[in-house]
Amino acid sequence: MWALKDGLKFQANFIKCGFTPSIVTINQLIHLYSKNGFVEEANKLFDEMPDRNVYTWNAIINAHTKAQNFSKAQNLFDAAPSKDSVTYNLMISGYANDEGCEEDKAVNLFLQMQHEGEKARPDEFTLTTMLNLVAKLRFLSWGRQLHGLMVKTGNNQSQFSLSSLIDMYSKCRTFHDVMRVYDGGPCVFDLVSKNAMVAACCREGELDMAEKLFWHKPEINDVVSWNTMIAGYVQNGHEEAALDMFKCMAVKGLKWNQHTLASILSACSSLKSLKMGKQAHAWILKEGIMNNPFISSGVIEVYSKCGDMKDAKNVYKEIMPQNSFAISSMIVGYSAKGYMTEARRLFDSVTEKNSVILTAMISGFVKSNQSEEAFELFSKFVEKNAENLDALMFINLLGACTIQATIDPGKQIHAYLFRIGIEMDEVLISALVDMYAKCGNIKYAKQVFYSATSRDLVLYNVMIAGYAHHGHEYEAYQLFEEMLKRGLRPDGVTFIAILSACRHRGLVDAGEKYFSSMTEDYAISPESDHYACMIDLYGRANQLEKAIIFMERIPIQPDAVILGSFLNACKMNRNVELAKATEDKLLQIEGDNGARYVQLASLYASEGKWDEKGRIMKKMRGNEAKKLTGCSWVHIGNRLHTFTSSDRSHSETEALYATLKCLIQGLQVNMPIEIEFL
DNA sequence: CGGAGCATGG
């Protein structure tokens, strides 16, 4: 192929001499120009050609699809006197890779192609492009059909089809099929297929396997291989390993790029490492890659996660355009610091609000315990923007219901989900089950759980926790067994749920059985929640001696969670001496947590040791520990009413206290009570 | 003379 300069020279010459080159030559020139971004030049050549063949049409269509001029490309496609597979493939790949929502056009062209017969039969190029598209859309059933067609037409043996199939099955979240393709493939993999396989393992959380593949013939690894591994570490919470790989890349003489830095920024955010984040930021500025939206939002995310909202804002002001993820990071950052006014102001200033931004604002409200605002914002938004809703936002809203323990908004959201026909995946179903369980309706939780077509570990975990929460320990055990039968491997969260089930009824034997099964059968190392559960269990079963022995055997430094449980166990078993010793340790760790002082104070009060209680309360004031005021609340209609102790601020306070008085009197004389609500 | 695959966000 010519260099661009030679092409231009050649064209100038033939114009000067009045010589007309062959179609093939002009086709090559059109191709050369389009590859270098000279679409206008290519167009001119095309327009002035006396004769054209199918290559000519393909070259000019290619020029326009690559320049994202789809209407022009489509017009040329429609006008082309003859079309072959390449003509179709160009259009399909153009629509498939477009950022807009033109995917259906790619699918329609693919379907149209089936009627073309010999002239334009779908080939390996068509099938890999289509696999790429269904991977992007996560349409597993279409992917399977394309795989079938590939096998039928004998197009499943090349490295291209191999990598596309691995990628498609991996992105459609069926690792089982990835392995089938991998095991059925050839002995030798090219680099792209290898990289696709490493990425698939990382996506599945199979890091050991990913590492094994990566370090097999490491000399062929390229920047993509390294980026894949780094991203895999970050996504699986191994930020330190990612940073090691990042440094190692430089040693091996491989150059970092935007993908590398995007993952590294994400690692810095997770580690809350402002220092490393700033170093990455400096490198990014030097390389001039701030215009990449992944990078700019990543930098903002670092500052915002580290709580440095001043610098986050400075960066935010500099970047243009401000993409949704940058805005979202700012809102989340403000919310985490409790700057809800700033968060709201930024949110209101955004003219084009999409679901990413809305979800950030809603999640900010939920996390700062302003569930009412979250609901209000949602209903306001939903009126004018009903099509722009996604699952994550509903998961946040359901989280708000769970925190408030208010079932009515939860039910409304559930009904709404049905009405808009959103895809009910495991995550959404889990959020619904959790909401119903924590809002007190285990029956609905169960119904939703059994309505799910497939159940993953998280879904089992929330259901088991739901049963435990409601004291249905038998159902919890049964579900745990069912989960094992279906080949799911329990994790630490499962055991917290199952141990809680034991704890509620003081079922010591069962608890001990599950606790040892966790460490021995599943090699899960217990965390403080597990230890706390066991101590609580012994406490409730009035077996303080066992709790004491258990405490001594805990291999980790007891933290506030463990000591808190132990203190409760002492309280339940009326061992004030031991409680006092625990108290000192606890206050050493958590001197600023007011709730601890209250816990201690109530322990002494229950023993009638008023002097001790006074001593603790004094100590609390001395340390300026603050306890959040406990409150009760009730949802009526669309309003939330909250009440704190001896609170008379409610607008209906007189009527409320009158009703309360009436209720108390009714209870005292043991009479049926009739109350009319407003 | 042409067309395809792997790595980065809530």
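Predicted model only: the values in this text are computed from it and were never measured. Residue numbers start from 1 in every chain, and the chains themselves are labelled A, B, ... in the order their sequence lines are given, proteins ahead of strands. When reading the values below, keep in mind they use all heavy atoms of this one structure, side chains included, and skip hydrogens, waters and symmetry mates.
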- Query: Heavy atoms under 4.0 Å, any strand shown: does A:A360 hit a base, just sugar-phosphate, or nothing?
  - Reply: nothing

- Query: Does A:N132 put a side-chain nitrogen or oxygen below 4.0 Å from OP1 or OP2 of B:dG5?
  - Reply: yes

- Message: Heavy atoms from C-beta onward define the side chain here; which of B:dC1, B:dC6, B:dG9 lies closest to that of A:N323?
- Response: B:dG9

- Task: Would you classify A:T359 as touching base, sugar-phosphate or nothing, given that sugar-phosphate means primed atoms plus P, OP1 and OP2, and contacts are heavy atoms under 4.0 Å?
- Result: base

- Task: Round to a whole Å and report the spacing from CD1 of A:I319 to P of B:dG9.
- Result: 16 Å

- Message: Is A:K83 close enough to B:dG3 that one of its side-chain N or O atoms is under 4.0 Å from OP1 or OP2 there?
- Response: no

- Closest listed nucleotide, where the reference is the side chain of A:S328 and the choices are B:dC1, B:dG10, B:dT8: B:dG10

- Note on the structure: From CG of A:L261 across to P of B:dA7 the rounded distance in Å is 18 Å

- For A:T128, which contact category applies under a 4.0 Å heavy-atom criterion: base, sugar-phosphate, or nothing? base

- Query: Between atom CD1 in A:I230 and atom P in B:dG9, what is the gap in whole Å?
  - Reply: 12 Å

- Could you tell me the separation between the CZ atom of A:F125 and the P atom of B:dG5, rounded to a whole number of Å? 10 Å

- Rounded to whole Å, the NZ-P distance (A:K171 to B:dA7) equals 4 Å

- Task: List the steps and the verdict of side chain to side chain contact (heavy atoms under 4.5 Å, CB included) for A:M290 and A:V315.
- Result: CA-CA 10 Å; A:M290 206 54 186; A:V315 178; 3.5 Å; yes

- Item | Least distance between heavy atoms, A:P186 atom then A:L162 atom | CD-CD2, 3.6 Å

- Selection from B:dG5, B:dC6, B:dC1 that lies nearest to any side-chain heavy atom of A:D190: B:dG5

- Message: Can you say whether a donor on the side chain of A:D390 sits under 3.5 Å from an acceptor on the base of B:dG10, or the other way round?
- Response: yes

- Message: Base, sugar-phosphate or nothing for A:Q159? Non-hydrogen atoms, less than 4.0 Å.
- Response: base

- Message: From the set B:dG10, B:dC1, B:dG9, return the single nucleotide nearest to any side-chain atom of A:L392.
- Response: B:dG10

- Checking all strands, does A:S363 fall into the base, sugar-phosphate, or nothing category for heavy-atom contacts under 4.0 angstrom? nothing

- Task: Figure out the CG/C1' separation between A:L162 and B:dC6, and round it to whole Å.
- Result: 11 Å

- From CG of A:N97 across to C1' of B:dA4 the rounded distance in Å is 9 Å

- Message: By nearest atom, which of the nucleotides B:dA4, B:dA7, B:dG10 is closest to the A:V224 side chain?
- Response: B:dA7

- If you check the A:V192 side chain, which of B:dA7, B:dC1, B:dC6 turns out closest? B:dC6

- Message: Please report the distance, rounded to the nearest Å, between CG in A:D167 and C1' in B:dA7.
- Response: 10 Å

- Task: Measure centre to centre between the rings of A:F394 and A:F378, then say whether the value is under 6.0 Å.
- Result: yes

- Message: For a quick check of understanding: with a heavy-atom distance under 4.0 Å over all strands, which category does A:N257 fall into, base, sugar-phosphate or nothing?
- Response: base

- Query: Tell me, do A:F125 and A:F160 make a side-chain contact under 4.5 Å, heavy atoms counted?
  - Reply: no

- Ignoring backbone atoms, establish whether A:Q235 has a side-chain N or O less than 4.0 Å from OP1 or OP2 of B:dG9. yes

- Query: Using the benzene-type ring in the case of Trp, are the ring centres of A:W57 and A:F77 under 6.0 Å apart?
  - Reply: no

- Under the 3.5 Å rule, do the base of B:dG5 and the side chain of A:S163 count as making a donor-acceptor pair? yes

- Task: May I ask you to say what A:S193 touches in the nucleic acid, namely base, sugar-phosphate or nothing, with a heavy-atom cut-off under 4.0 Å?
- Result: base

- Query: Looking only at heavy atoms, which two atoms of A:V198 and A:A210 are closest? And how far apart?
  - Reply: O-CB, 4.0 Å

- Across the strands shown, which category fits A:L90 at heavy-atom distances under 4.0 angstrom: base, sugar-phosphate, nothing? sugar-phosphate

- Aromatic centroids of A:Y88 and A:F110 separated by under 6.0 Å: no

- With the side chain of A:N227 defined as its heavy atoms from C-beta on, choose the nearest nucleotide among B:dG9, B:dC1, B:dA7. B:dA7

